[in-house]
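Computed over heavy atoms, backbone and side chain alike; hydrogens, waters and symmetry mates excluded. What you are looking at is a predicted structure, and each value in this text was computed from that prediction instead of being measured.
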Amino acid sequence: MAASLTSEHAKKCFNNLTKLCSKKNNFIDGVLTRGKVSKDLQEKFTKFPLNIIHKFVPNMKEIILEADSHPNETDFLLVKDFIDKNFNS
């Protein structure tokens with residue numbers, strides 16, 4: 001996701017994913033990491049009212065620029081730690 005992992009958006013996404021995954025699976029836990037916003041999606045943001053594609057966020061351009069350096073080593077370590085904790089016991 002492009003948003004900060006400590007943002008309200010990240011918390012909401014994680015909660016929604018938890019509910020979605022729990023419906024048909026034995027959901028244990030999950031991990032979110034940051035990632036780039038594709039050039040295609042960035043272009044769509046400029047062509048349509050933002051509310052059609054994604055809820056309006058005043059600092060969307062800033063978030064997209066900040067996310068451009070992701071995934072990075074920290075993101076990969078988050079995933080590695082998650083796997084080690086949950087699957088390599």
Taking only residues at least two apart or on different chains, which pairs with a member in residues 57-72 satisfy salt bridge (charged side-chain N to carboxylate O under 4.0 Å, His left out)? R34-E66
Could you tell me whether a side-chain N or O of S7 sits under 3.5 Å from a main-chain N or O of S4, the two making a donor and an acceptor? yes
Identify, with sequence neighbours excluded, every residue that meets salt bridge (charged side-chain N to carboxylate O under 4.0 Å, His left out) alongside K80. D84
Is L41 linked to I63 within one hydrophobic cluster, defined over Ile, Leu, Val, Met, Phe, Trp and Tyr using a side-chain heavy-atom separation of less than 4.5 Å? yes
Looking at residues at least two apart in the chain, or sitting in another chain, which of them share a side-chain contact (heavy atoms from CB on, under 4.5 Å) with F82? D29, V31, N86, F87
Restricting to side chain to side chain donor-acceptor pair (under 3.5 Å), what partner residues turn up for Q42, sequence neighbours left out? none
Connected via hydrophobic side-chain network under 4.5 Å: L17 and M1: yes
Residues forming a side chain to side chain donor-acceptor pair (under 3.5 Å) with E8, sequence neighbours excluded: K11
Looking at F14, is its backbone amide N or carbonyl O close enough to the side chain of T18 to form a donor-acceptor pair, meaning the two atoms are under 3.5 Å apart? yes
Any chance you could measure L78, atom CG, to L5, atom CG, to the nearest 0.5 Å? 6.5 Å
At what distance, to the nearest 0.5 angstrom, does OG1 of T33 lie from CG of N72? 9.0 Å
Please name all residues satisfying side chain to side chain donor-acceptor pair (under 3.5 Å) with D81, sequence neighbours left out, ordered by chain then number. none
